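Let me begin by presenting the structure, written as structure tokens, before commenting on it.
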Amino acid sequence: MNVRAPEPRPLLNRRLAEFGTTIFAEMSALALRTGSINLGQGFPDTDGPDEIREAAVRALRDGRGNQYPPGPGVPELRTAIADHQRTRYGLVHDPDTEVLVTAGATEAIAASLLALVEPGDEVVALEPYYDSYAACIAMAGGRRVPVTLRPRDGAYHLDLDELRDAVTDRTRLILLNTPHNPTGTVLSREELAAIARLAVERDLLVVTDEVYEHLVFDGEHTPIATFPGMRERTVTIGSAGKTFSFTGWKVGWVTAAPELVAAVRSAKQFLTYVSAGPFQYAVAEALRLPQTYFDGLRDDLRAKRDLLSAGLADAGFAVYRPSGTYFVTTDIRPLGEDDGFAFCRALPERCGVVAIPNAVFYDHRDQGAPFVRFAFCKRENVLQEAVTRLKGLASG
Ligand SMILES: *Cc1c(COP(=O)(O)O)cnc(C)c1O
């Protein structure tokens, strides 16, 4: 008699099975193997300010932060974060009870969702998503409900009616991201006011990822926490990585009302407990850099956006002009292509450039199929070389 062996149980649990390894690992490996210019992953190819790097060295040498820092973060950094929110946005936070330092925004996102979402709760999020959102919602046992940003007239737009329709009695929170990765959309005051009214009316929490707050090229960034009724129901997430060009330091933070910070801290303490001791002192100094630093960073990246966007248009892509972030999204259909995955897998061999297919950021993969994302947070000569290489595409 033939007895069939039982199917071996998969190692990766059911919640995470769909996520596998990220596209960034595959594409970065491809970039290395082919000697391509990597415009896939969003990290700068030059470090942030020397004096901030030196501040980290000093902290290390002086023995500040070399042992476990306090759970909520070192007081110098919490005070600097509170000052940053107050002087820029008029948001007043008590550094002791309303600020929490995390291992990058990534941990802040994970801890917020693990703390605030019950299994079965719905989380409404803007699609395409930053890639950790779907995985974190899944780890929390939540159900993600995408509201898709639609490409129109050279930019991506939120449909407020769609957002309103996505909210049900099971919705626990709205997960926002502005400036938005990967589309570069910066939500307007009117859009944020409408989202705030919806959150108040339906008694929802809002978790908002604002890591690109200092990288807005057109318009302005407004934290949703500043709108009426939002201060007490919003978890605002920031990070030093993108603002100071030290993405490897992994210093992020949460600002919110005391009960929300306490909830997020409950999850955070069992994820990393604490992190990045000496870097916390350096980031405290970075947040106090003069306004000329922040303006300079923004102007530099705006020029890079313009350089790469023009080059992509010349090479035959349809370009969605980003108002903020590190990224520009393109449509490959004018090049006679419609499968972003196939296009990105072939691009390194064709012309020595690596990009990311936007489909990976969608639940509705077909919605993202013909779109491809390029990062412009690279040195000008690197972008120029990439543009030169991409020009070869149209000719075959
Ligand atoms: C880069 C990025 C993060 C991660 O920030 P870290 O501080 O490096 O963890 C979070 N959200 C968005 C939208 C990002 O682009």
Side-chain angles (χ1 to χ4, degrees), residues 22-25 28 38-45 47-48 52 73 77 81 84 99-114 123 125-137 144 146 149 156 158 174-187 206-216 221 223-224 235-255 264 267-268 271-272 274-276 279-280 282-283 286-287 297 301 305 322-329 356 358 360-362 373-378:
T22 79
I23 187 82
F24 300 104
S28 291
N38 191 352
L39 304 185
Q41 207 168 6
F43 60 88
D45 57 358
D47 285 349
I52 301 307
L77 177 54
I81 293 165
H84 174 273
V99 178
L100 174 66
V101 176
T102 57
T106 306
E107 190 196 28
I109 293 159
S112 299
L113 293 166
L114 289 169
V123 175
L126 306 182
E127 181 186 59
Y129 308 109
Y130 177 64
D131 69 335
S132 84
Y133 297 173
C136 287
I137 294 168
R144 59 185 187 271
L149 299 178
Y156 278 76
L158 171 64
I174 300 176
L175 177 53
L176 270 192
N177 172 214
T178 185
H180 182 265
N181 174 6
T183 66
T185 299
V186 176
L187 295 176
V206 171
V207 174
T208 177
D209 176 345
E210 303 184 356
V211 303
Y212 295 103
E213 64 190 311
H214 291 293
L215 291 176
V216 175
H221 171 71
I224 195 164
V235 175
T236 303
I237 293 171
S239 170
K242 311 293 162 58
T243 299
F244 301 112
S245 303
F246 287 117
T247 57
W249 287 11
K250 299 299 290 185
V251 177
W253 51 85
V254 159
T255 50
V264 177
K268 184 251 157 26
L271 292 174
T272 57
V274 292
S275 55
F279 295 128
Q280 291 191 35
V283 172
L287 285 168
L297 175 82
L301 274 152
R305 170 197 67 173
S323 298
T325 76
Y326 276 172
F327 307 106
V328 55
T329 288
I356 296 291
N358 278 30
V360 300
F361 305 122
Y362 286 79
R373 188 192 83 174
F374 294 84
F376 50 79
C377 49
K378 307 292 173 183

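Whatever order the structure lists ligands and atoms in, that order sets their numbers, starting from 1. If you're wondering where the values come from, they're calculated on a predicted model, not measured in any experiment.
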Provide the full list of salt bridge (Lys or Arg N to Asp or Glu O under 4.0 Å) pairs with a residue in residues 103-113, sequence neighbours left out, each pair given once. Glu107-Lys268

Which residues pass the salt bridge (charged side-chain N to carboxylate O under 4.0 Å, His left out) test with Glu213, sequence neighbours left out? none

Short N or O separations between ligand 1 and the protein, below 3.5 Å:
{"unit_1": "ligand 1", "atom_1": "7 (O)", "unit_2": "Ala105", "atom_2": "N", "d": "2.8"}
{"unit_1": "ligand 1", "atom_1": "7 (O)", "unit_2": "Ser239", "atom_2": "OG", "d": "2.6"}
{"unit_1": "ligand 1", "atom_1": "8 (O)", "unit_2": "Lys250", "atom_2": "NZ", "d": "3.2"}
{"unit_1": "ligand 1", "atom_1": "9 (O)", "unit_2": "Ala105", "atom_2": "N", "d": "3.1"}
{"unit_1": "ligand 1", "atom_1": "9 (O)", "unit_2": "Thr106", "atom_2": "N", "d": "2.9"}
{"unit_1": "ligand 1", "atom_1": "9 (O)", "unit_2": "Thr106", "atom_2": "OG1", "d": "2.6"}
{"unit_1": "ligand 1", "atom_1": "9 (O)", "unit_2": "Lys250", "atom_2": "NZ", "d": "2.7"}
{"unit_1": "ligand 1", "atom_1": "11 (N)", "unit_2": "Asp209", "atom_2": "OD2", "d": "2.5"}
{"unit_1": "ligand 1", "atom_1": "15 (O)", "unit_2": "Asn181", "atom_2": "ND2", "d": "3.0"}
{"unit_1": "ligand 1", "atom_1": "15 (O)", "unit_2": "Tyr212", "atom_2": "OH", "d": "2.7"}
{"unit_1": "ligand 1", "atom_1": "15 (O)", "unit_2": "Lys242", "atom_2": "NZ", "d": "3.1"}

Sequence neighbours excluded, the answer for side-chain contact (heavy atoms from CB on, under 4.5 Å) partners of Ala105 is Val211, Ile237, Ser239

Does a side-chain heavy-atom distance below 4.5 Å link Pro44 with Lys378? no

Would you mind reporting whether Val186 and Tyr212 have side-chain heavy atoms less than 4.5 Å apart? no

Does Arg373 reach the side chain of Asn181, with side-chain heavy atoms less than 4.5 Å apart? yes

